[in-house]
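For clarity, every value in this text was computed on a predicted model and none was experimentally measured. Any value given below was found using the heavy atoms of this structure, including those in side chains, with hydrogens, waters and symmetry copies removed. Chain naming here is simple, since letters A, B, ... match the order of the sequence lines and numbering starts at 1 in each.
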There are 4 protein chains.
Amino acid sequence: MAGRKRDEAARQAILQSTFELMREEGFSRLSIEGVAACAGVGKATIYRWWAGKGALAVEAFLTAAEPLIAFPTSGSARDDIVRQMRLLAEFYRGPAGRLVREMIGAAQCDATIRTAFMSDFLEPRRELARAVFRRGVAAGEFRADVDADVAIDALWSPIYYRFLVSGAGMEDAFISAHAEIVLRGLMVDGV
Amino acid sequence: MAGRKRDEAARQAILQSTFELMREEGFSRLSIEGVAACAGVGKATIYRWWAGKGALAVEAFLTAAEPLIAFPTSGSARDDIVRQMRLLAEFYRGPAGRLVREMIGAAQCDATIRTAFMSDFLEPRRELARAVFRRGVAAGEFRADVDADVAIDALWSPIYYRFLVSGAGMEDAFISAHAEIVLRGLMVDGV
Amino acid sequence: MAGRKRDEAARQAILQSTFELMREEGFSRLSIEGVAACAGVGKATIYRWWAGKGALAVEAFLTAAEPLIAFPTSGSARDDIVRQMRLLAEFYRGPAGRLVREMIGAAQCDATIRTAFMSDFLEPRRELARAVFRRGVAAGEFRADVDADVAIDALWSPIYYRFLVSGAGMEDAFISAHAEIVLRGLMVDGV
Amino acid sequence: MAGRKRDEAARQAILQSTFELMREEGFSRLSIEGVAACAGVGKATIYRWWAGKGALAVEAFLTAAEPLIAFPTSGSARDDIVRQMRLLAEFYRGPAGRLVREMIGAAQCDATIRTAFMSDFLEPRRELARAVFRRGVAAGEFRADVDADVAIDALWSPIYYRFLVSGAGMEDAFISAHAEIVLRGLMVDGV
DNA sequence: AAATAATCGAGACGGTACGTCTGGTCTTACC
DNA sequence: GGTAAGACCAGACGTACCGTCTCGATTATTT
């Protein structure tokens, strides 16, 4: 038999409360208890639909952040890449950066978060980057003998390294200096 | 001032217990309570000498791991760099990798850990890398107009990215492919 | 009036499941949730027809136990009384005793149970006792100046006291010793 | 080694809060959570020292009630007994009665409560009664061939029966009528 | 030597949050 | 309209650790 349907209003209230609390206090202070109280919802309702704090946070983050991070693509592949890197660095310097940072942090101890964050947030963005790179190869800008994933890692990794590990700045000047080095290694000689 | 000296035996017992527990169960399951019980030590003794779980874990990790990660330097700068990258990737693929990963993860929510880990673990290693890079510049292998920190990030970041974010493999083939790209951008033309 | 009739099969299934679960695990472990699951019935169906766990348990108990506790009456009033007391003590020593005990226990916090248990279980049995006592008075066995309810309490109360409070044994020897005392007080002098 | 001593102030606060809450809302509404909040105490502190809600309630009740129930004994055994019965009935008709009732109720499902209540509350009172009865035997008031425990049950049980089971009144008139019957059976003939 | 002072182990304390459980209500789809 | 299924809000359960705080016992220095 059927039974009552999932209450969409409760689902929304939970996700919004989660995002709100996370934005105000950070992922580490987030508690299921707090979300339930803030959303006016029983704890069991949260545990029924989400595996834990991590899964909830990732979904809340994506739901709230998805509209904000549409990276535009146009012009030459080289220019698109540098522009994308600058936009990403800017995005991570902003308020959402802290959340991304804390969630990647939490993902180190929790495979659920890692998987969810990877497949729902990072992979789509990476696919975009692959398309741009391939466009560059097709246009004769980039060497054809380089693996796209290696190239993409070479280009974007330092943003994550500075963001997650060293905490060093990610200003446009750094992005330019870094891109100059790697693109020199990626571009067809003499171009 | 008078008073009893700090008990070195207790300090060692605490650090060893911390490392042991961390190795067995991971950083996230580590608890001060557990360390105290395992080391046969009062909790207050831990809180008196360490700021918290993070600081304790970092020190325990470094004490135990330091002997294992002495990167040798010799030969050409280019070769030394690639060899170092391979050793680092190998180190992170091993059992210590999980601990480093979890500690960098925890550092995202805890500035104490971040600072301790940075200054005691990463910065010394980075200083070594800077020395090698400068040697390469002096030897005419590398371009003189490139900032050492930008170059180092360009070289080593993908290891951390794959390690922390994408989870992709870090085999020697990848290291070689990546190094080839970046070194092409770093080396003096025609060399 | 339109609408489906009450489903007698569901009612039976609920009562049987209640008795079953109560017999296996005791009244305190009984839960509406469990009854619903065991009977293959919605929780709402139970709440629609019974006031709560207590009311349900009492009805289930009476339905199942009623056939087992028909106290026979015959012979002299004095003998009937002692025989009844022995049978009651035996009944309470058996498996049903635990249920009665737990239900009287629950009745201390729940007037619903108290009322239901009283009117449906105890009062009918008491009425029987009154009849026997009155027969004894009519036959000249018992003093006519004693209130039947006081006499009945004097006779049967110790069974309940030992059963509910002190936990002391209720063997035939005790019943005899007790009855001897009280009957001495109840019988017409010189009989 | 020793460790910190138990905090007597916390103990008192817990017992008083327990009694307070129990008096206001009854045993069934009592919750450890509520006691902790009311006493300004961590839940763990309660669980550290008491086995559960039952053990806590019994101790709180005894602590608070002990001063109120010192039954005086003097005069003839017969008179003492009737006076004690009247005092007990009065005590149970009062506010403490509800608590005793609920605790005996809870004891039906929880051996911990039963044991604690028996040994700490009932048995001491019973021992007093035994002493009085033996005094009566020694004084030639009571028959020497009657077991003290049987006699005591015969005398006091109806108070408990009416209190716990039938809910009938326990006024002095009833006590007198009941005592008259049983004492007739207990006293030496012709006295 | 005695007095002083900081450290140690143990562990109780007030708290927070956990994840589970049950209670009683409400909704939906089927009969 | 009654029913089975089951989601919902509510809130207590007992547990695990947190970081702080006594305790007494144990060293070292300083008088």
Checklist entry - Do A/Arg29 and A/Glu102 meet the salt-bridge criterion of a basic N to acidic O distance under 4.0 Å? => result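 No.
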
Round to a whole Å and report the spacing from [atom1] of [X] to [atom2] of [N].
X	N	atom1	atom2	value
C/Glu8	F/dG2	CD	C1'	14 Å
A/Leu21	E/dA17	CG	P	11 Å
D/Trp50	F/dG14	CH2	C1'	16 Å
B/Leu56	F/dC18	CG	P	11 Å
B/Asp7	E/dA10	CG	C1'	15 Å
A/Arg11	F/dC8	CZ	C1'	16 Å
D/Ile14	E/dG14	CD1	C1'	11 Å

Looking at [N], I'd like to know if its phosphate oxygens (OP1 or OP2) sit under 4.0 Å from a side-chain N or O belonging to [X].
X	N	result
B/Arg4	F/dT27	yes
A/Trp49	F/dA7	no
A/Lys5	E/dA29	yes
D/Arg48	E/dC13	yes

Checklist entry - With D/Glu33, which residues qualify under side chain to side chain donor-acceptor pair (under 3.5 Å), at least two apart? => result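 Here the qualifying residues are D/Lys43.
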
Next on the checklist: Counting the benzene-type ring for Trp, do C/Phe121 and C/Phe61 have ring centres under 6.0 Å apart?
Outcome noted: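 Yes - the distance between ring centres of C/Phe121 and C/Phe61 falls below the 6.0 Å cut-off.
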
Next on the checklist: For the backbone of A/Ile104 and the side chain of A/Gln108, can you confirm whether one donor and one acceptor N or O come within less than 3.5 Å of each other?
Outcome noted: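 Confirmed, A/Gln108 side chain pairs with A/Ile104 backbone.
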
Item to check | With sequence neighbours excluded, residues passing salt bridge (charged side-chain N to carboxylate O under 4.0 Å, His left out) with C/Glu24 | outcome: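 None.
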
Checklist entry - When rounded to the nearest 0.5 angstrom, what distance separates CZ in C/Arg114 from CG in C/Leu122? => result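 Reported value, rounded in 0.5 Å steps: 10.5 Å.
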
Next on the checklist: Counting only heavy atoms and a strict 4.0 angstrom limit, can you tell me which residues of residues 23-46 of chain A come near DNA chain E?
Outcome noted: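 When residues 23-46 of chain A is checked for heavy atoms under 4.0 Å from DNA chain E, the hits, listed by number, are A/Ser31, A/Ile32, A/Glu33, A/Lys43, A/Ala44.
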
Checklist entry - Among the nucleotides E/dC18, E/dG14, F/dC9, which one has an atom lying closest to any side-chain atom of D/Ala10? => result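 Output: E/dG14.
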
Item to check | Lys NZ or Arg CZ of B/Arg6 over B/Trp49 ring: under 6.0 Å, within 45° | outcome: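 Yes, B/Arg6 lies over the aromatic ring of B/Trp49.
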
